[in-house]
Protein chains: 2
Amino acid sequence: MTIMPDTRSAAIDLGDLPRQLDYALRRAQLVLAQDLSAALEPVGLRPLQVAVLSVLRGNPGLRQSEIGAALGIRPANLVPLIDELERRTLAERRPIPADRRANGLFITPAGSAAHAKARACIDAHEVRFAARLRAGGKDQLLNLLGRLANPA
Amino acid sequence: MTIMPDTRSAAIDLGDLPRQLDYALRRAQLVLAQDLSAALEPVGLRPLQVAVLSVLRGNPGLRQSEIGAALGIRPANLVPLIDELERRTLAERRPIPADRRANGLFITPAGSAAHAKARACIDAHEVRFAARLRAGGKDQLLNLLGRLANPA
DNA sequence: TATTGTTATACTCTATAACTATA
DNA sequence: TATAGTTATAGAGTATAACAATA
């Protein structure tokens, strides 16, 4: 459980913080991440693991380097992540004959099943938070966040 | 340096990820946090330390428990943070006669000076990223993020 | 009994550097 | 020589549990 800022007690002067994008982002990101992690607990997967499965589902045979580039995860950090997915037989590494340095990554049937369950949790989570916004607010937000993340 | 997702190579299918709030938040938050941390490097402070100084500046004598509640930091995690600020004489703990369990926290002149420098860095950072949005985009974004972070 | 601050500890995500085996 | 994956390690931020001093 995260400790959330006390937004009610106007007694405390937060200065410029409420006008800072990074502060607002940190707060919102933390709330969402906490909720999503809790929502995924029944499935036993963390958000990042689900993200990897999502990409694997749409791109069978992808190399680790490619997944890392797509999701913004460094090769060194991707290794233990894939290790665990493989240990739980949710994904597997297969040798690539053409390049024996690289691995082709594949989601397994068990991985697809887990991913489907995770998707349901995530969808519910998304609906839950979209409800906090006005109609069209989610699209607006995704647009704004995309602009921030991309130099454009 | 963070590895950012490859948004250009449309070769890879990211599935539902681009439509997920938590994923968009994670990406944007990471970009902003990285940039801000780098921007604050000359001052030698991390964003969270500056946040504490900001609150201290507007609320001299605040207790640790109150700062923690305001910023969403647990008491146990606040201790080393304050320790370092105190070690660098940017803030100080003073005993509270009325309650000898608690500390009153105060920003020092050196702390105010450091905070002023940090503010300039943060303002520049904010301008830099607000420029990625349309006019009024920042206010829109702050509004949406506030709604997400707050249940109501 | 409850609260304030503290210690100790663990987990997640991110980061760098250096290694191996291939290419 | 460059690349793919790996190992080892470190730093932030966040989390819990348990304790001492005080209320």
Side-chain angles (χ1 to χ4, degrees), chain A residues 1-5 22-23 25-27 29-38 40-41 44-52 61-69 71-86 92-105, chain B residues 1-5 22-23 25-27 29-38 40-41 44-52 61-69 71-86 92-105:
Chain A
M1 187 59 78
T2 307
I3 288 188
M4 269 302 112
D22 78 277
Y23 181 72
L25 270 174
R26 180 179 90 93
R27 280 185 42 185
Q29 203 270 333
L30 208 52
V31 172
L32 273 276
Q34 290 281 322
D35 183 276
L36 184 56
S37 292
L40 285 175
E41 206 175 304
L45 290 172
R46 278 161 295 150
L48 224 51
Q49 297 175 314
V50 179
V52 168
L62 216 59
R63 293 165 176 230
Q64 286 183 211
S65 53
E66 292 172 315
I67 284 224
L71 292 180
I73 306 174
R74 289 175 183 281
N77 298 330
L78 200 53
V79 173
L81 212 162
I82 305 282
D83 281 349
E84 192 185 341
L85 291 180
E86 202 168 29
E92 63 179 27
R93 289 180 246 236
R94 296 187 204 156
I96 298 179
D99 187 343
R100 283 158 48 211
R101 294 173 304 181
N103 300 318
L105 295 176
Chain B
M1 186 59 80
T2 308
I3 287 187
M4 269 303 111
D22 79 277
Y23 180 72
L25 270 174
R26 181 180 90 94
R27 280 184 44 185
Q29 203 269 333
L30 208 52
V31 172
L32 273 276
Q34 289 281 322
D35 183 276
L36 183 58
S37 291
L40 285 176
E41 205 174 305
L45 290 172
R46 279 161 295 150
L48 226 51
Q49 296 175 313
V50 178
V52 169
L62 217 57
R63 294 167 175 228
Q64 285 182 212
S65 54
E66 292 172 317
I67 284 223
L71 293 179
I73 306 174
R74 287 173 185 281
N77 297 330
L78 200 55
V79 173
L81 212 163
I82 306 280
D83 281 349
E84 192 186 341
L85 291 180
E86 202 168 30
E92 63 178 29
R93 287 182 245 235
R94 296 187 205 156
I96 298 180
D99 186 343
R100 283 157 50 211
R101 294 172 303 180
N103 300 317
L105 296 176

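This structure is a prediction, so every number in the text was calculated from the model and none was measured. Letters A, B, ... mirror the listed sequences (proteins, then strands); counts begin at 1.
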Base, sugar-phosphate, or nothing for [X], non-hydrogen atoms under 4.0 angstrom?
X	result
B:Leu48	sugar-phosphate
A:Leu78	nothing
A:Leu30	sugar-phosphate
B:Ile3	sugar-phosphate
B:Gln29	nothing

Among [options], the one nearest [X] by side-chain distance:
X	options	result
A:Arg63	C:dT12, D:dA4, C:dG5	D:dA4
A:Arg93	C:dT6, C:dA15, D:dT6	D:dT6
A:Val79	C:dC13, C:dT7, D:dT6	D:dT6
A:Ala76	D:dA8, D:dG13, D:dT16	D:dA8

* Taking atom types as they are modelled, is there a donor-acceptor pair under 3.5 Å from the base of D:dA4 to the side chain of A:Asn103? -> no
Quick one: is [X] getting a side-chain N or O under 4.0 Å of the [N] phosphate, OP1 or OP2?
X	N	value
A:Arg46	C:dC11	no
B:Gln49	D:dA12	no
B:Gln34	C:dT14	no
A:Ser65	D:dT3	no

* Structure fact -> Walking DNA chain D from its 5' end, the first of B:Gly72 and A:Ala102 to be reached, judged by nearest nucleotide, is A:Ala102
* Can you check whether A:Arg93's main-chain N or O pairs, donor with acceptor, with A:Glu86's side chain at less than 3.5 Å? -> yes
Heavy atoms, side chains only, cut-off 4.5 Å: are [X] and [Y] in contact?
X	Y	result
B:Ile73	A:Ile3	no
B:Arg46	B:Leu40	no
A:Arg63	A:Asp99	yes

Below 3.5 Å between N/O atoms, which protein atoms pair up with nucleotides 19-23 of chain C? Just atom names and distances, please.
| from | atom 1 | to | atom 2 | distance (Å) |
| --- | --- | --- | --- | --- |
| C:dA23 | OP1 | A:Arg100 | N | 2.9 |

* Asked: What is the distance from atom CG of B:Leu71 to atom OH of A:Tyr23, rounded to the nearest 0.5 Å?
  -> 5.0 Å
